[in-house]
Amino acid sequence: MSKQKKRQRLAAYGTAAGILIITFILLALLPDRPEAGDLPPQDTVHEVPVLRFTPGDFTTEIRITGRVRSVQRIELFSEVQGVLQSGARPFRTGNRFRAGEVLMRLDDTEARMNLAAQQSRFQSALSALLPAIRLDFPDRFETWAAYTEAITPGQTLPELPEITGRTERFFFSGNDIFGQFFAIRAAEERLSKFTVRAPFSGELRMADAFPGTLISPGAKLGEFFGDTYELETFISLSELDFVQTGSTVSLRSQALSEPLSGRITRIGRSVDPATQAFPVFVEVQSPALREGLYLEGRIEGRTLPDVTQIPRHLLTRDNTVMVIEDGLATHRRVEPVFFNTDTVLIRGLSSADQVIELRAGTTRLAGTRVRAAE
């Protein structure tokens, strides 16, 4: 190795040693860094918005939806044959009838005359038996004579006098008085079928028969819907204990201007496999309702004593709320009792508790110093 290369290597070593010596001198002159435990305490206090809630008695409220269907619905069929007559109101779809009003009337002239003839023959048969009754049952003569005289063909046949003895029963049975009597009663019942009356107040649908049309037995004439409807809805298992039969239900529809009121008539105790919910049936009456109309509403359930109602977003998944306790943000465990749509009823808060009102970031405040914002 040449002398020139040795000199270059010694110069490099000397430069590196000089840099190290300078570095050690500078480090020695710097002040000591404080230990972690010597850091000054952080006294930052966060201002947070707070809410106060007063415990009391609150009524549970359950939101429901569903479609209505008529519970007063009958199909109209003719049991007799006759020509449709004109009435006070046409037998047409959309016409409304009150309970007891005539829906339709068929021409019953022939049936009425046949009934009058039967009644007349029955009166003649009794008249022919009066002499025998005078001889065999003298104490019963006046009763049967008065009954025979009371029969008026064309009017409803009076009830038979009470039979007082075995011999009297055999006497009238042998003369076919009972058979004729019940045959007339059957004819009177058949005559009543020529007139169809509304069993309840409602509306006629699917009916377009015109006067003069021959109506045959068994022909479907239309459908009659009443003003009482039923809404079927579903509630969860957690809500089942808060409703009962007879509870009031407030209902409304976007298609109707007026609110509706109903009541719970039945509560199913079998879970629906598709929805895993329980059926609830609400009865509601209104002429404005229509089959299949969509309704939404709320059920007023049981009243819960000594509970606090807070917004649902204040309750964490661990069933706690953030409160100010001794100047610190602290999780307070509470007992949820009932969940409404936007609120929850809980136990475990007093009117003196300051609940921190934060929608986000509440968890990061836990354990920090806070004070209520003014």
Asks: Considering all heavy atoms of both residues, which atom of F77 and which atom of G218 are nearest to each other, and what is their separation?
Replies: CD2-O, 3.5 Å

Asks: When you check the side-chain N and O atoms of D318 and T320, is any donor under 3.5 Å from an acceptor?
Replies: no

Asks: Would you find more than 12 non-hydrogen atoms of other residues, nucleotides or ligands less than 6.0 Å from E162 atom CD?
Replies: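 Counting other residues, nucleotides and ligands, CD of E162 stays at 12 neighbours or fewer.
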
Asks: How close do R98 and A198 get, counting heavy atoms only, and between which atoms?
Replies: O-CB, 3.4 Å

Asks: Using only heavy-atom distances, determine whether the side chains of Q119 and E188 contain a donor-acceptor pair under 3.5 Å.
Replies: yes

Asks: State whether E168 and R140 are salt-bridged, where the test is any N-O pair (Lys NZ or Arg NE/NH1/NH2 against Asp/Glu carboxylate O) under 4.0 Å.
Replies: yes

Asks: Pick from F172, W144, F182: which one makes a side-chain contact (heavy atoms from CB on, under 4.5 Å) with L160?
Replies: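 Among the candidates, only W144 passes.
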
Asks: Treat each ILVMFWY residue as a node, draw an edge where side-chain heavy atoms are under 4.5 Å apart, and state whether F242 and I64 are in one component.
Replies: yes

Asks: Apply salt bridge (Lys or Arg N to Asp or Glu O under 4.0 Å) to residues R73 and E291 and explain how you reach the verdict.
Replies: CA-CA 10 Å; R73 175 178 178 175; E291 186 87 3; 3.7 Å; yes

Asks: Is there a chain of hydrophobic side chains (I, L, V, M, F, W, Y, each step under 4.5 Å between heavy atoms) that links F181 to L130?
Replies: yes

Asks: Do the charged groups of R290 and E203 touch, with an N to O distance under 4.0 Å?
Replies: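 Salt bridge present between R290 and E203.
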
Asks: Start with the C-alpha gap between V323 and L349, add the side-chain angles, then the distance that decides, and say whether side chain to side chain contact (heavy atoms under 4.5 Å, CB included) holds.
Replies: CA-CA 10 Å; V323 299; L349 283 181; 4.2 Å; yes

Asks: Within this structure, what is the CZ-OG distance for the pair F225 and S201, rounded to the nearest 0.5 Å?
Replies: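 One finds 15.5 Å between CZ of F225 and OG of S201.
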
Asks: How far does CG of L293 sit from CD of Q254, to the nearest 0.5 angstrom?
Replies: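 Between atom CG of L293 and atom CD of Q254 there are 10.5 Å.
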
Asks: Going through the distances and angles, do Q244 and I264 end up as a side chain to side chain contact (heavy atoms under 4.5 Å, CB included)?
Replies: CA-CA 7 Å; Q244 57 187 353; I264 297 177; over 6 Å; no

Asks: Would you say I267 and L251 are hydrophobically clustered, going by side-chain heavy atoms of ILVMFWY under 4.5 Å?
Replies: yes

Asks: Under a 3.5 Å distance rule, please check whether R197 uses its side chain to pair with a backbone N or O of A99 as donor and acceptor.
Replies: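 Between the backbone of A99 and the side chain of R197 there is no qualifying donor-acceptor contact (under 3.5 Å).
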
Asks: Rounded to the nearest 0.5 Å, how far apart are CZ of F339 and CD of E239?
Replies: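 These two atoms lie 11.0 Å from each other.
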
Asks: Is there a continuous path of hydrophobic side-chain contacts, each under 4.5 Å between heavy atoms, that joins V337 to I299?
Replies: yes

Asks: Evaluate whether atom CZ of R134 has more than 12 neighbouring non-hydrogen atoms of other residues, nucleotides or ligands under 6.0 angstrom away.
Replies: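 Count not over threshold, so no.
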
Asks: Roughly how far apart are K193 NZ and L106 CG, rounded to 0.5 Å?
Replies: 12.5 Å

Asks: Would you say the side chain of V83 lies within less than 4.5 Å of the side chain of T213, judging by non-hydrogen atoms?
Replies: no

Asks: Of all heavy-atom pairs between A207 and G222, which one has the smallest distance, and what is that distance?
Replies: CB-CA, 4.2 Å

Asks: Testing the basics here: between R67 and L231, what is the closest heavy-atom pair and its distance to 0.1 Å?
Replies: N-CD1, 3.4 Å

Asks: Quick check: closest heavy atoms across V271 and F278, and the distance to 0.1 Å?
Replies: N-CE2, 3.9 Å

Asks: Identify whether the distance between the nearest side-chain nitrogen and carboxylate oxygen of E110 and R112 falls below 4.0 Å.
Replies: no

Asks: Out of curiosity, T195 OG1 to Q85 CD, how far, rounded to the nearest 0.5 Å?
Replies: 8.0 Å

Asks: Examine distances only and state if a side-chain atom of N175 and a backbone atom of I177 form a donor-acceptor pair shorter than 3.5 Å.
Replies: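 Side chain of N175 to backbone of I177: no pair is present.
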
Asks: Let me know which of I62, D241, T343, I346 forms a side-chain contact (heavy atoms from CB on, under 4.5 Å) with F338.
Replies: I62

Asks: For a 4.5 angstrom cut-off between non-hydrogen side-chain atoms, does F178 reach R169?
Replies: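 Side chain of F178 against side chain of R169, heavy atoms only: contact under 4.5 Å found.
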
Asks: Test your reading of the model: is there a side-chain donor-acceptor pair from T233 to the backbone of T65, 3.5 Å cut-off?
Replies: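 Yes: the side chain of T233 pairs with the backbone of T65.
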
Asks: Not counting sequence neighbours, which residues clear side-chain contact (heavy atoms from CB on, under 4.5 Å) with E232? List them please.
Replies: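 Here the qualifying residues are F234, P279, F281.
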
Asks: Establish whether L315 and L304 are linked, either directly or via other cluster members, by ILVMFWY side-chain heavy-atom contacts under 4.5 Å.
Replies: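 No, L315 does not connect to L304 through the hydrophobic network.
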
Asks: Determine, step by step, whether T265 and V282 satisfy the side chain to side chain contact (heavy atoms under 4.5 Å, CB included) criterion, reporting the C-alpha distance in whole Å, the side-chain angles of both residues, the deciding distance to 0.1 Å, and the verdict.
Replies: CA-CA 6 Å; T265 55; V282 181; over 6 Å; no

Asks: Taking only Lys NZ, Arg NE, NH1 and NH2, and the carboxylate oxygens of Asp or Glu, determine whether R252 and E258 approach each other closer than 4.0 Å.
Replies: no

Asks: Flag the pair L126 / I151 as yes when at least one side-chain heavy-atom distance between them is below 4.5 Å, and no otherwise.
Replies: yes

Asks: So, T228 side chain and Q72 main chain: donor-acceptor pair closer than 3.5 Å or not?
Replies: no

Asks: When rounded to the nearest 0.5 angstrom, what distance separates CG in D227 from CG in L289?
Replies: 8.5 Å

Asks: Side-chain contact, heavy-atom cut-off 4.5 Å: V243 with I235?
Replies: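 With C-beta onward as the side chain, the pair touches.
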
Asks: Tell me, do L51 and E357 make a side-chain contact under 4.5 Å, heavy atoms counted?
Replies: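 They are in contact (side-chain heavy atoms under 4.5 Å apart), so the answer is yes.
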
Asks: Could you check if a side-chain atom of S261 sits within less than 4.5 angstrom of a side-chain atom of V249, using non-hydrogen atoms only?
Replies: no

Asks: Could you go through R69 and E230, starting from their C-alpha distance and side-chain angles, then the distance that decides it, and tell me whether this counts as salt bridge (Lys or Arg N to Asp or Glu O under 4.0 Å)?
Replies: CA-CA 5 Å; R69 60 184 180 89; E230 189 174 70; 3.1 Å; yes

Asks: Establish, from distance only, whether the side-chain atoms of E300 and T59 form a donor-acceptor pair under 3.5 Å.
Replies: no

Asks: Over all heavy atoms of both residues, which pair between L314 and V321 is shortest? Give the atoms and the distance, please.
Replies: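 Looking at all heavy atoms of both residues, the closest pair is O-CG1, 3.4 Å.
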
Asks: Between N95 and P90, is there a donor-acceptor pair closer than 3.5 Å when you use the side chain of the first and the backbone of the second?
Replies: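 Judged by distance alone, yes, a pair lies under 3.5 Å.
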
Asks: Carefully, step by step, assess T93 and L204 under the rule side chain to side chain contact (heavy atoms under 4.5 Å, CB included).
Replies: CA-CA 5 Å; T93 297; L204 196 60; 6.0 Å; no

Asks: Would you list the pairs meeting ring-ring contact (aromatic ring centres under 6.0 Å, His included) in which at least one residue belongs to residues 91-143, sequence neighbours left out?
Replies: F137-F171

Asks: Taking 4.0 angstrom as the limit, do E61 and R63 come out as a salt bridge?
Replies: yes

Asks: Could you check if a side-chain atom of S253 sits within less than 4.5 angstrom of a side-chain atom of E296, using non-hydrogen atoms only?
Replies: no

Asks: For R332, which residues count as a salt bridge (Lys or Arg N to Asp or Glu O under 4.0 Å) partner, sequence neighbours excluded?
Replies: E325, D353

Asks: Pick out which of D326, I324, T44, L328 makes a side-chain contact (heavy atoms from CB on, under 4.5 Å) with R369.
Replies: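 Answer to the side-chain contact (heavy atoms from CB on, under 4.5 Å) test with R369 among D326, I324, T44, L328: L328.
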
Asks: Side chains of V355 and M322: does their closest heavy-atom pair fall under 4.5 Å?
Replies: no

Asks: Between the side chains of E79 and R190, is the shortest nitrogen-to-carboxylate-oxygen separation below 4.0 Å, so that they form an ion pair?
Replies: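 Result for this pair is no, no salt bridge flagged.
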
